[in-house]
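Below is one structure, written out as structure tokens; the observations come after it.
Fair warning: this is a prediction, and the values are worked out from it, not measured in the lab. Quick note on labels: first sequence line is chain A, next is B, and so on, each numbered from 1.
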Protein chains: 2
Amino acid sequence: MTEPRWLNADERRAWLALLSINTLLPAALDTQLQAAGKLSLFDYNVLAMLSEADGRFLPMSELAARTSASLSRLSHVVTKLQRRGWVEREAHPGDARVTVAHLTEAGMETIVSLAPGHVDAVRALMLDAMTDDDVADLARIGEKIVARLDDDHWILRER
Amino acid sequence: MTEPRWLNADERRAWLALLSINTLLPAALDTQLQAAGKLSLFDYNVLAMLSEADGRFLPMSELAARTSASLSRLSHVVTKLQRRGWVEREAHPGDARVTVAHLTEAGMETIVSLAPGHVDAVRALMLDAMTDDDVADLARIGEKIVARLDDDHWILRER
DNA sequence: TTGTTTTAGTTGAAGCTTCAAGTAAGTGAA
DNA sequence: TTCACTTACTTGAAGCTTCAACTAAAACAA
């Protein structure tokens, strides 16, 4: 009967740190975004992904992939963003099953106005704590973990 | 007028990877724990922190600190765990403001039975993706970020 | 064709988290 | 002492996320 392998010191440190970052970082960014524009980090990311997409629109599935969200969660959130006038739903010309989420002009203005403060917060909360080498290491290790969690995650799609 | 400094390639990779891990990893662990014992990752961590504490009890504030949670969130969850017979609330002898959360025998049995499967999942989902050096790097960098987010976070308390 | 399976998305309800407000006890200052 | 402030929680409501069920269209198979 094999004993379950417990975590060694570094493994435990890495795991606990990730767990804490996981709770604290989104909470801090949520607070900043809530103050700046009454939206959540997830709302922001939905708008950001659309703003970077060709033509500022994406099928719901693709948008869900780029925000690591379930279709259900995304659908509810898009409904909310739609009510605020930031996103519209459109039919897909080639495939009637597909719904396309389209960033409106108002949505674009919102994200343009919010982006600088958000990027500053990301810097202040994590990037400024690291050296350039740390950032490169974190990028490399982080992508390994992402690959393990989701083999063809979109952030791994470029060369 | 200073342009807001945008993210460079590594910074963007690190940030996007962390964001994705942040969504995918808890979701995967939640799924495992939900299947194994109908509890969430947060529930599990509350039980785990109590099981490791001296006497298997902690003041609510300290338990909140060790789970990076708000007191409100913890209070709701402890109520739920109490209903399942895993935790009890007790008065603190020296300070009447303090509530002490105490792991019951049933709670201890629960966590003992769940721990091996959970640790296996943590290994399978993240640790096995990394070399030993990666793990050490992640521990070091992760703790830097935690320190930035919360200067006297409990995971930084040991020497 | 026709039936079956898969893909894409929506919905309502249940459960979880946050937020604001409130209670009660300890601490500190005059 | 007394009053004001801070600390340690709890609570209910509102909002968010997940889950299961459902619809409808596309793809596939016989």
Query raised in the report: Taking the nucleotide of DNA chain C with the closest heavy atom to each, which residue, A:T31 or A:M60, is nearer the 5' end?
Result: A:M60
Requested in this report: Give the rounded distance in Å between these two atoms: CG of B:L58 and C1' of D:dA8.
Outcome: 15 Å
Requested in this report: Mind checking side chain to side chain donor-acceptor pair (under 3.5 Å) for B:Q34 and listing every partner two or more places apart, or none if nothing turns up?
Outcome: none
**Report entry** Interatomic distance, B:S113 atom OG to B:H118 atom NE2 [nearest 0.5 angstrom]
**Finding:** 12.5 Å
**Report entry** Distance, rounded to the nearest Å, where B:L24 contributes CG and D:dT18 contributes C1'
**Finding:** 16 Å
**Report entry** Summary of salt bridge (Lys or Arg N to Asp or Glu O under 4.0 Å) pairs that have at least one residue in residues 58-83 of chain B, sequence neighbours excluded
**Finding:** B:D43-B:K80, B:E62-B:R66, B:E62-B:R157
Requested in this report: Could you grab the distance from atom CD of A:E143 to atom CD1 of A:I155, nearest 0.5 Å is fine?
Outcome: 5.5 Å
Report summary line: Sequence neighbours excluded, the answer for side chain to side chain donor-acceptor pair (under 3.5 Å) partners of B:S68 is B:H153
Report task. List in chain and number order the residues that pass ring pair (Phe, Tyr, Trp, His ring centres under 6.0 Å) with A:H102, two or more places apart in sequence or in another chain; answer none if no residue qualifies. Result -> A:F57
Query raised in the report: Taking DNA chain C as the partner, which of residues 91-101 of chain B come within under 4.0 angstrom of it by heavy atom?
Result: B:D95, B:A96, B:R97
Query raised in the report: Has the side chain of B:S72 got a donor or acceptor atom sitting under 3.5 Å from an opposite partner on the base of D:dT10?
Result: no
Report summary line: Between CD of B:E90 and C1' of D:dA8 the distance, given in whole Å, is 17 Å
Query raised in the report: To the nearest angstrom, how far is A:E62 atom CD from C:dA8 atom C1'?
Result: 13 Å
Query raised in the report: Which residues within residues 73-85 of chain A lie with some heavy atom under 4.0 Å of an atom in DNA chain D?
Result: A:R73, A:H76, A:V77, A:K80
Query raised in the report: CZ of A:F42 versus C1' of D:dG15: gap in Å, rounded?
Result: 15 Å
Query raised in the report: CD1 of B:I145 to CG of A:L18: how many Å apart, nearest 0.5 Å?
Result: 9.0 Å
Query raised in the report: For the pair made of CG in A:N22 and P in C:dT17, what is the distance, rounded to whole Å?
Result: 13 Å
**Report entry** Pairwise 5' ranking along DNA chain C for B:S40 and A:P59, keeping only the more 5' one
**Finding:** A:P59
**Report entry** Length of the CG-P vector between B:D43 and C:dC16, whole Å
**Finding:** 7 Å
Requested in this report: Treat each ILVMFWY residue as a node, draw an edge where side-chain heavy atoms are under 4.5 Å apart, and state whether A:V98 and A:V46 are in one component.
Outcome: no
Query - Distance-only polar pair, side chains of B:T110 and B:W86, donor-acceptor under 3.5 Å - result: yes
Query raised in the report: In whole angstrom, what separates A:L71's CG from D:dC19's C1'?
Result: 14 Å
